[in-house]
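Just below is one structure, and these are the notes that go with it.
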Amino acid sequence: MATAGKVIKCKAAVAWEAGKPLSIEEVEVAPPQAMEVRLKILYTALCHTDVYFWEAKGQTPVFPRIFGHEAGGIVESVGEGVTELSPGDHVLPVFTGECGDCQHCLSEESNLCDLLRINTDRGAMIGDGQTRFTARGGQPVYHFLGTSTFSEYTVVHVGCVAKIHPAAPLDKVCVLSCGISTGFGASVNVAKPPKGCTVAIFGLGAVGLAAMEGARISGASRIIGVDLNPAKFEQAKKFGCTDFVNPKDYDKPVQEVIIEMTNGGVDRSVECTGNAAAMISAFECVHDGWGVAVLVGVAGKDAAFKTHPTNFLNERTLRGTFFGNYKPRTDLPGVVDMYINKELELEKFITHSVPFSEINTAFDLMLSGESLRCIIRMED
């Protein structure tokens with residue numbers, strides 16, 4: 001492409017301060033360095049993780065910053081040493097990576113790459129510690145999760161880019177680069193619910209509903225949704241929810257409620273809240289002898305998980321998962337193929353769509369709880 005090797009000027013949504021509306025302005029995007037690729041982002045979605053770090057209430061603030069990590073785009077140019085991607089390839093940038101060489105990447109059991117696993121504090125490229133974004137007056141703008149997709153162009157490490165089938169519509173499959181794959185994989189790859197089993201899903205946001213969809217596709221006969229907001233039940237029915245439990249409606253622990261509902265406990269549970277009490281409930285509500293609970297949510301740094309050891313001795317299993325146990329480059333193209341082959345439905349996760357100029361509306365929709373996923377159209 002004519003822009004290869006040159007600085008590109010484009011629009012980006014820059015967060016200058018915590019919690020303040022993003023400012024759409026011109027930035028300069030440097031060419032990719034060794035083992036990096038520069039992407040033209042066509043569609044990006046807003047994930048709750050973007051909002052959490054934009055609010056910067058519980059972590060070290062890094063500003064100015066370009067957020068965004070759920071997206072689909074096209075390779076504009078590649079840096080030195082990149083052989084697996086070419087300009088024009090359709091891709092999904094991913095917040096975690098797969099270097100292909102570390103002990104985790106070489107293991108069939110792990111997707112926790114030593115080199116490229118998620119780092120929320122890093123605001124620069126891993127290769128040289130520099131940013132690829134420059135704003136007005138030559139001020140560096142920091143990256144987010146190695147992706148920074150709230151920009152018309154971005155630079156990403158090659159290990160964090162999944163090449164996908166060009167027939168896949170990027171305005172739909174972009175949601176697979178984070179939340180939907182995380183929840184769906186937690187069910188199908190980790191909980192592995194047997195056909196006809198009972199499943200409880202804690203937290204009915206986008207990730208929880210994706211876990212529910214995984215349970216439905218796996219053939220679960222009964223799916224219990226657990227959430228503090230009763231308005232979420234109607235929407236959850238589209239994802240296979242058969243029962244709804246609001247812990248606030250009972251004067252006893254919700255795990256006891258579920259055990260009574262299911263004659264001893266559910267076969268599988270998936271927790272998608274990040275609340276330690278919900279994690280304990282998700283574990284203690286599974287059936288003894290064979291029950292498996294999977295933790296997806298990210299708890300606060302001071303959180304503690306407390307349960308009696310007898311719960312393990314009675315043959316309950318507790319598992320954790322990261323990004324649904326998918327290796328980004330190896331496995332994500334196959335999930336996209338599931339969508340192409342109509343084995344996975346994504347449209348019902350996408351509740352809103354806005355042009356790039358209205359990106360702050362996407363934040364409003366998520367903060368008010370109205371949206372699951374809002375697609376931001378970069379070229380509008």
Side-chain angles (χ1 to χ4, degrees), residues 1-12 14 26-44 62 64-102 104-106 111 113-135 138-166 170 174 177-178 327-333 378:
M1 296 193 180
T3 48
K6 300 175 183 175
V7 170
I8 289 178
K9 291 184 178 182
C10 70
K11 288 180 182 174
V14 180
E26 185 177 85
V27 297
E28 293 186 349
V29 185
Q33 301 303 302
M35 303 309 292
E36 297 173 0
V37 295
R38 189 162 55 186
L39 309 179
K40 179 180 173 64
I41 300 297
L42 296 178
Y43 299 95
T44 186
V62 181
R65 204 172 202 181
I66 296 173
F67 287 101
H69 64 283
E70 241 183 45
I74 296 173
V75 175
E76 175 270 337
S77 61
V78 302
E80 180 186 345
V82 175
T83 57
E84 50 273 82
L85 290 170
S86 303
D89 285 345
H90 287 220
V91 296
L92 302 180
V94 187
F95 65 93
T96 186
E98 183 183 350
C99 73
D101 298 319
C102 71
H104 286 279
C105 288
L106 295 174
N111 66 341
C113 176
D114 280 334
L115 178 68
L116 300 169
R117 72 171 67 182
I118 185 171
N119 184 324
T120 57
D121 293 329
R122 186 189 300 128
M125 298 303 292
I126 202 168
D128 61 3
Q130 303 295 311
T131 76
R132 302 289 176 260
F133 297 111
T134 308
Q139 181 169 3
V141 179
Y142 296 109
H143 296 246
F144 178 63
L145 299 184
T147 51
S148 291
T149 60
F150 293 165
S151 174
E152 292 175 325
Y153 288 86
T154 189
V155 177
V156 183
H157 191 285
V158 66
C160 299
V161 180
K163 181 181 176 180
I164 63 170
H165 198 292
L170 292 171
C174 64
S177 63
C178 180
K327 290 179 184 282
R329 292 201 288 177
T330 300
D331 298 331
L332 215 47
M378 303 301 288

Is there a side chain to side chain contact (heavy atoms under 4.5 Å, CB included) between Val29 and Cys10 once you walk through the steps? CA-CA 8 Å; Val29 185; Cys10 70; 3.8 Å; yes
Checking side chain to side chain contact (heavy atoms under 4.5 Å, CB included) for the pair Gln33/Met125: CA distance, chi angles, key distance, verdict? CA-CA 9 Å; Gln33 301 303 302; Met125 298 303 292; over 6 Å; no
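Contact between Leu170 and Gly72 at its shortest, heavy atoms only, is CD2-CA, 4.0 Å. Shown here for Leu42 and Ile74, the closest heavy-atom pair between the two residues is CD1-CD1, 3.7 Å. Shortest non-hydrogen contact noted between Pro87 and Ser77 is CG-CA, 4.3 Å. Closest non-hydrogen pair, Phe133 versus Ser148, comes out as CE1-CB, 3.6 Å. When all heavy atoms are compared, the tightest approach of Leu92 to Ser177 is CB-CB, 4.2 Å. In this structure, Val27 and Ser151 approach most closely via the heavy-atom pair CG2-OG, 4.3 Å.
One finds the SG atom of Cys102 at 4.0 Å from the CG atom of Asp114 (value rounded to the nearest 0.5 Å). We find the CE-SG distance between Met35 and Cys160 to be 11.0 Å, quoted to the nearest 0.5 Å. Summarising the geometry, atom OH belonging to Tyr142 is positioned 14.0 Å from atom CZ belonging to Arg132; distances are rounded to the nearest 0.5 Å. Interatomic distance, Ile8 CD1 to Thr3 OG1, rounded to the nearest 0.5 Å: 4.0 Å.
With Val37 as the fixed residue, the side chain to side chain contact (heavy atoms under 4.5 Å, CB included) test singles out one of Thr154, Val155, Leu85: Leu85. A salt bridge (charged side-chain N to carboxylate O under 4.0 Å, His left out) with Glu76 is found for exactly one of Lys6, Arg38, Lys40, namely Arg38. For the pairing with Ile66, the side chain to side chain contact (heavy atoms under 4.5 Å, CB included) check across Thr131, Val141, Thr147 returns one residue only, Val141.
Side-chain contact between Pro31 and Val7 is present, with at least one heavy-atom pair separated by less than 4.5 Å. Looking at heavy atoms from C-beta onward, Leu39 lies out of side-chain contact with Tyr153 at the 4.5 angstrom threshold. Within the 4.5 Å cutoff, the side chain of Thr149 has no heavy atoms near those of the Val156 side chain.
Remark: the backbone N or O of Glu70 is paired with a side-chain donor or acceptor of Thr44 at under 3.5 angstrom.
Within the structure, side chain to side chain donor-acceptor pair (under 3.5 Å) pairs that include any residue of residues 80-96 comprise Glu84-Arg329 (at least two apart or interchain).
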With a 3.5 Å cut-off and sequence neighbours excluded, list the donor-acceptor pairs that the side chains of residues 116-123 form with protein atoms.
unit_1	atom_1	unit_2	atom_2	d
Arg117	NE	Cys113	O	3.4
Arg117	NH2	His104	NE2	3.2
Arg117	NH2	Leu112	O	3.2
Asn119	OD1	Asp121	N	3.0
Asn119	OD1	Arg122	N	2.9

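Ring centroid separation for the pair Phe144 and Phe67 comes in under the 6.0 Å cut-off.
Applying the side-chain contact (heavy atoms from CB on, under 4.5 Å) test to Lys327 and every residue at least two apart in sequence or in another chain returns Glu98, Asn111, Thr330, Asp331.
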